[in-house]
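Working notes for the structure below.
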Amino acid sequence: MTMKEAGERYKIPLKILKEYESWGLCDAVKKVMGVWRYDEQDIERLGMIMTLRDIGFSSREAETYMRLTLEGESTQPQRIMMLNERRGKTLEEIHLKEKQIAYMDYLRHEMQKSKKTD
């Protein structure tokens with residue numbers, strides 16, 4: 001499957017496909033007559049990259065994670081650590097947003113309270 005076909009079929013932005021190729025992670029990608037060809041294993045890897053990006057990994061983090069994945073099961077502790085770090089950052093963001101919502105609710109409550117006393 002070509003880059004264009006993979007992008008269209010699996011809704012993968014060309015930027016991601018080009019980035020994936022630049023990492024050199026896929027021995028299975030073959031260049032035939034000047035056109036990159038993707039197999040199912042590449043598509044699975046691209047799916048993982050999209051997931052990593054969706055959960056907040058930077059390009060560099062996604063590349064590191066994917067390189068570790070290709071090294072095998074022995075890197076599982078490192079990958080779990082990366083996921084735990086991302087999870088912690090996400091929880092921090094959630095807690096910040098919860099505080100912001102609490103402040104908004106307080107301000108709304110104060111305005112409604114003062115409106116009732118007017």
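Index from 1, following the sequence.
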Quiz prompt | Nearest heavy atoms of S59 and W23, plus distance in Å | solution =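 Between these two residues, the closest heavy atoms are O-CZ2, 3.4 Å.
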Hey, are the side chains of [X] and [Y] touching, using non-hydrogen atoms and a 4.5 Å cut-off?
{"X": "E61", "Y": "L52", "value": "no"}
{"X": "T69", "Y": "M48", "value": "no"}
{"X": "M50", "Y": "K11", "value": "no"}
{"X": "E63", "Y": "R67", "value": "yes"}

Apply salt bridge (charged side-chain N to carboxylate O under 4.0 Å, His left out) to [X] and list each qualifying residue two or more places apart in sequence or on a separate chain.
{"X": "E19", "result": "R53"}
{"X": "R60", "result": "none"}
{"X": "E110", "result": "K113"}

Just verifying a value: how many Å separate [X] [atom1] and [Y] [atom2], rounded to the nearest 0.5 Å?
{"X": "I49", "Y": "R45", "atom1": "CD1", "atom2": "CZ", "value": "9.0 Å"}
{"X": "T90", "Y": "E93", "atom1": "OG1", "atom2": "CD", "value": "5.0 Å"}
{"X": "Y10", "Y": "Y38", "atom1": "OH", "atom2": "OH", "value": "12.5 Å"}
{"X": "L107", "Y": "M104", "atom1": "CG", "atom2": "CE", "value": "9.0 Å"}
{"X": "I12", "Y": "L17", "atom1": "CD1", "atom2": "CG", "value": "5.5 Å"}

Quiz item: How would you list all residue pairs meeting ring pair (Phe, Tyr, Trp, His ring centres under 6.0 Å) that involve residues 60-92, not counting sequence neighbours?
Solution: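 Output for this query lists F57-Y65.
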Exercise. Among residues two or more places apart or on two chains, list those pairs meeting side chain to side chain donor-acceptor pair (under 3.5 Å) that have a residue in residues 77-86.
Key: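 Residue pairs with at least one partner in residues 77-86: T75-R79.
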Exercise. Give the C-alpha distance, both sets of side-chain angles, the deciding distance and a yes or no for side chain to side chain contact (heavy atoms under 4.5 Å, CB included) between L70 and M66.
Key: CA-CA 6 Å; L70 292 176; M66 293 307 296; 5.7 Å; no
Quiz prompt | Chi angles and distances behind the side chain to side chain contact (heavy atoms under 4.5 Å, CB included) call for Y20, D42 | solution = CA-CA 9 Å; Y20 176 63; D42 294 315; 3.0 Å; yes
Quiz item: Under the side chain to side chain contact (heavy atoms under 4.5 Å, CB included) criterion, do Q76 and E73 qualify, and how do the steps go?
Solution: CA-CA 5 Å; Q76 188 175 23; E73 291 300 313; 3.6 Å; yes
Quiz item: Can you list the steps and then say if L68 with M82 is a side chain to side chain contact (heavy atoms under 4.5 Å, CB included)?
Solution: CA-CA 11 Å; L68 290 169; M82 291 179 76; 3.8 Å; yes
Self-check item: Non-neighbouring partners of E98 that pass side chain to side chain donor-acceptor pair (under 3.5 Å), sequence neighbours left out
Solution: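 With sequence neighbours excluded, E98 shows a side chain to side chain donor-acceptor pair (under 3.5 Å) to H95, given in chain and number order.
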Quiz item: Do the side chain of E8 and the main chain of E5 share a donor and acceptor less than 3.5 angstrom apart?
Solution: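 Between the backbone of E5 and the side chain of E8 there is no qualifying donor-acceptor contact (under 3.5 Å).
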